[in-house]
2 protein chains.
Amino acid sequence: MITNKNCIIRLSRYKNALYRLQALGFVKVFSDNLADAVGGTASQVRKDFSIFGISGNKKGGYQIDSLLEKLNSILGKDQLQKVIVVGAGHIGSALMRYRGFEKEGIKIVAGFDIDPAKINRSNPTPVLPLEEIKAFVKTNNIRIAILAVPDIAAQQAADMICAAGIKGILNFAPLGLKGAEGCIINNVNVEIELENLIYFVNVTEKTKKA
Amino acid sequence: MITNKNCIIRLSRYKNALYRLQALGFVKVFSDNLADAVGGTASQVRKDFSIFGISGNKKGGYQIDSLLEKLNSILGKDQLQKVIVVGAGHIGSALMRYRGFEKEGIKIVAGFDIDPAKINRSNPTPVLPLEEIKAFVKTNNIRIAILAVPDIAAQQAADMICAAGIKGILNFAPLGLKGAEGCIINNVNVEIELENLIYFVNVTEKTKKA
DNA sequence: ATGTTATTGTGAAAAATGGAACAATATGAT
DNA sequence: ATCATATTGTTCCATTTTTCACAATAACAT
Ligand SMILES: NC(=O)c1ccc[n+]([C@@H]2O[C@H](COP(=O)([O-])OP(=O)(O)OC[C@H]3O[C@@H](n4cnc5c(N)ncnc54)[C@H](O)[C@@H]3O)[C@@H](O)[C@H]2O)c1
Ligand SMILES: NC(=O)c1ccc[n+]([C@@H]2O[C@H](COP(=O)([O-])OP(=O)(O)OC[C@H]3O[C@@H](n4cnc5c(N)ncnc54)[C@H](O)[C@@H]3O)[C@@H](O)[C@H]2O)c1
C-alpha cells in the first residue's frame, strides 16, 4: 500500500496541472512537461505513475484525458465527496462560502456549531446544532469533517466527531490531536507554516551574507 | 545547512508542546516526554536537538526555559515578525482578524488590495492600496507576505510582491507559483489537503475490508 | 522498408530520513 | 564512597525517497 503522503500530493498537483493544460488545448503531455508544471523531475513523474500502474506511450507521452481519468479515480474524485464543517466561526464560515471546492468535486453539505446563534437551517449550506451531527453523519454517509473550533475545544470536538462515525478530519486548530482508532487526522497549521517560512527565509539570508 | 522541512516543523511542535508543559508547571522535560507530546520517537527528538547543538543533561533531561529560548532563537522568534497580507477578501480578512498569531510573535501589520472598496486606513490592521506596497515593504522592512488573492491573479501578484522586496510568500491560492530568485514560496492548499485525506480514508477503508 | 529519434518504464545507485542501540555520564540511592 | 539507574548524544543501521541511466520501443523521416 502507498503510504507516502508526498507522492499523493504530487498526484493532486499533476491532476491540477493537467486540467490547466487541457484548458489550454493540449491533448497529450510528456513527463517533463508535467515536471516543469509542478516543479519536479521527469523521472519522478514517471515513477509516480508507474507505482499506480499508469502507462503512457513510448515517444507519444500521455493522453491527457485518460491520464486525468486514472488520477481522478485514484484520488477518489469519481464521486462527489460530501464534507461537513464543525465550528462555524471565522474560518469555518469562510470555508462554507468558498466556491473553490466545487470544481474539485468536494461539497460542504453542512456546518455544525455549539452556539445557538450560529444555527441557520435556511443557509445555502445550513448550520445545524451539534446534537444532530451523529444522525446527520449516519444518514448522509459522511466520512470527512473539517474541524474549525477554538483550540481549547478541538480535542473534545475531535473525539465527538470520531464517535459520530467520521473517518477523516482536517484540523485547523494549531495543536496536535489524538484521533480515535480508525480516524485519520491531517492538520492545516498556518502558524507553523509561517514559522517554517520565516526560518527558511532567515537561513537563506544568513548563508547569502556569509 | 538544514534543508529538511519536516525537521523544522518538528522544532515548532516541540516548542508548542514545551509551552503547554511549562504552563502545567513542569520545569524540565525528557526526550521521551516530548516524543509523546508530538507523536514521534525519543531518538528523533534528541537527534533534532543535536543537529542544532542543543544539549541537555545526562539523567537530568532538558531545562524547559533554556530549551525554549534556544528553539525560539532558531525559529526566529526572538524578534517580532511583521507580515503583510495581499488580498483582503474572505481568507485575507479572516487572517487579519485572527488573534492567534500574536502569541507566536507574528504580527500582520497591513493588508493590501487592488479593490478601492477594500481600502481602510483606520482599521486595527489597515488595508492599503497595492500601489503603496513597495514603499511600505521597504520602510517597514517586511520580509514575509501572505498571498490571498483569487487564483487567476496569484502569479501576477506573486511577481509584484517579489519585486517589492518580499523574501517569503505563504500562498493560499491552489496552484503552484513560480517565485523570483531569492523568494521562497510555501503553499497552504486546502483542496489538496482534503484530497489527500480522502485518499487515505479510502485506502484504509479498502484495506480493512480486504 | 529502414533508420533515426524521442520518450517511456524500470532496475540500480544514491541520497535523505528515521530509528535502534549503546557507550558515556550525571544523578540519586545505599 | 560505591553502586545502580536513568537519560543523553551519537554512531550505526534500516528504510524510504529520489535520481540516474539505459534498454525497449513507438512514431516519424527518408
Ligand atoms: N481565523 C483564522 O484566520 C485562523 C487562522 C489559523 C488557525 N485558525 C484556527 O482555526 C480555529 C477556528 O478559528 P476561528 O477564528 O474560526 O474561531 P471562531 O471563534 O471564529 O469560531 C469558532 C466557532 O466554533 C464554535 N464552537 C466552539 N466550541 C465548539 C464545539 N465544541 N463544537 C462545535 N463548535 C464549537 C464557536 O461557536 C464558533 O462559532 C482555531 O483553532 C484557530 O486557532 C484560525
Ligand atoms: N475562502 C476560502 O475559504 C478559501 C479556501 C481555500 C483557498 N482559498 C484561496 O484563497 C484565495 C483567496 O480566496 P478568497 O475566498 O479570500 O477570495 P476573495 O475573492 O474573497 O478575495 C480576494 C481579494 O483579493 C483582491 N485582489 C484581486 N486581485 C488582486 C491583486 N492583483 N492584488 C491584490 N489584491 C487583489 C480582491 O479585491 C479581493 O479582495 C483564492 O486563491 C482561493 O482559491 C480560499
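FYI, side chains are in, hydrogens and waters are out, and symmetry mates aren't considered; it's all heavy atoms of this structure. Everything numeric in this text was worked out from a predicted model, so none of it was measured. Letters A, B, ... mirror the listed sequences (proteins, then strands); counts begin at 1.
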Exercise. Starting from P on C:dA16, measure out to CD1 on B:Ile8 and report it in whole angstrom.
Key: 15 Å
Self-check item: A:Lys5 with B:Glu193: basic N within carboxylate O range, under 4.0 Å
Solution: yes
Quiz item: With the threshold set at 4.0 Å, does a side-chain nitrogen-carboxylate oxygen contact exist between A:Glu69 and A:Lys77?
Solution: no
Practice problem: Please name the pair of heavy atoms, one in B:Val201 and one in A:Ile184, separated by the smallest distance, quoted to 0.1 Å. | Solution: N-CD1, 3.7 Å
Quiz item: Any side-chain heavy-atom pair from B:Glu104 and B:Asn16 closer than 4.5 angstrom?
Solution: yes
Practice problem: Report yes if a side-chain nitrogen or oxygen of A:Tyr62 is closer than 4.0 Å to either non-bridging phosphate oxygen (OP1 or OP2) of D:dA26; otherwise report no. | Solution: no
Quiz item: Does A:Ser50 make a side-chain N or O approach to OP1 or OP2 of C:dG9 shorter than 4.0 Å?
Solution: no
Would you tell me whether [X] and [Y] have side-chain atoms, one donor and one acceptor, within less than 3.5 Å of each other?
{"X": "A:Gln155", "Y": "A:Asp159", "answer": "yes"}
{"X": "B:Arg143", "Y": "A:Asn202", "answer": "yes"}
{"X": "B:Asn187", "Y": "B:Asn171", "answer": "yes"}
{"X": "B:Asp48", "Y": "B:Tyr14", "answer": "yes"}

Protein-nucleotides 12-21 of chain D N/O pairs under 3.5 Å:
| unit_1 | atom_1 | unit_2 | atom_2 | d |
| --- | --- | --- | --- | --- |
| D:dT17 | O5' | A:Asn4 | ND2 | 3.4 |
| D:dT18 | OP1 | A:Arg10 | NH1 | 3.2 |
| D:dT18 | OP2 | A:Arg10 | NH1 | 3.4 |
| D:dT18 | OP2 | A:Arg10 | NH2 | 3.1 |
| D:dT18 | OP2 | A:Gln44 | NE2 | 3.1 |
| D:dT18 | O5' | A:Gln44 | NE2 | 3.2 |
| D:dT19 | OP2 | A:Thr41 | OG1 | 3.4 |
| D:dT19 | O4 | A:Lys47 | NZ | 3.0 |

For nucleotides 26-30 of chain C, give me every protein contact, N/O to N/O, under 3.5 Å, one pair per line with atom names.
| unit_1 | atom_1 | unit_2 | atom_2 | d |
| --- | --- | --- | --- | --- |
| C:dT27 | O2 | B:Lys59 | NZ | 2.9 |

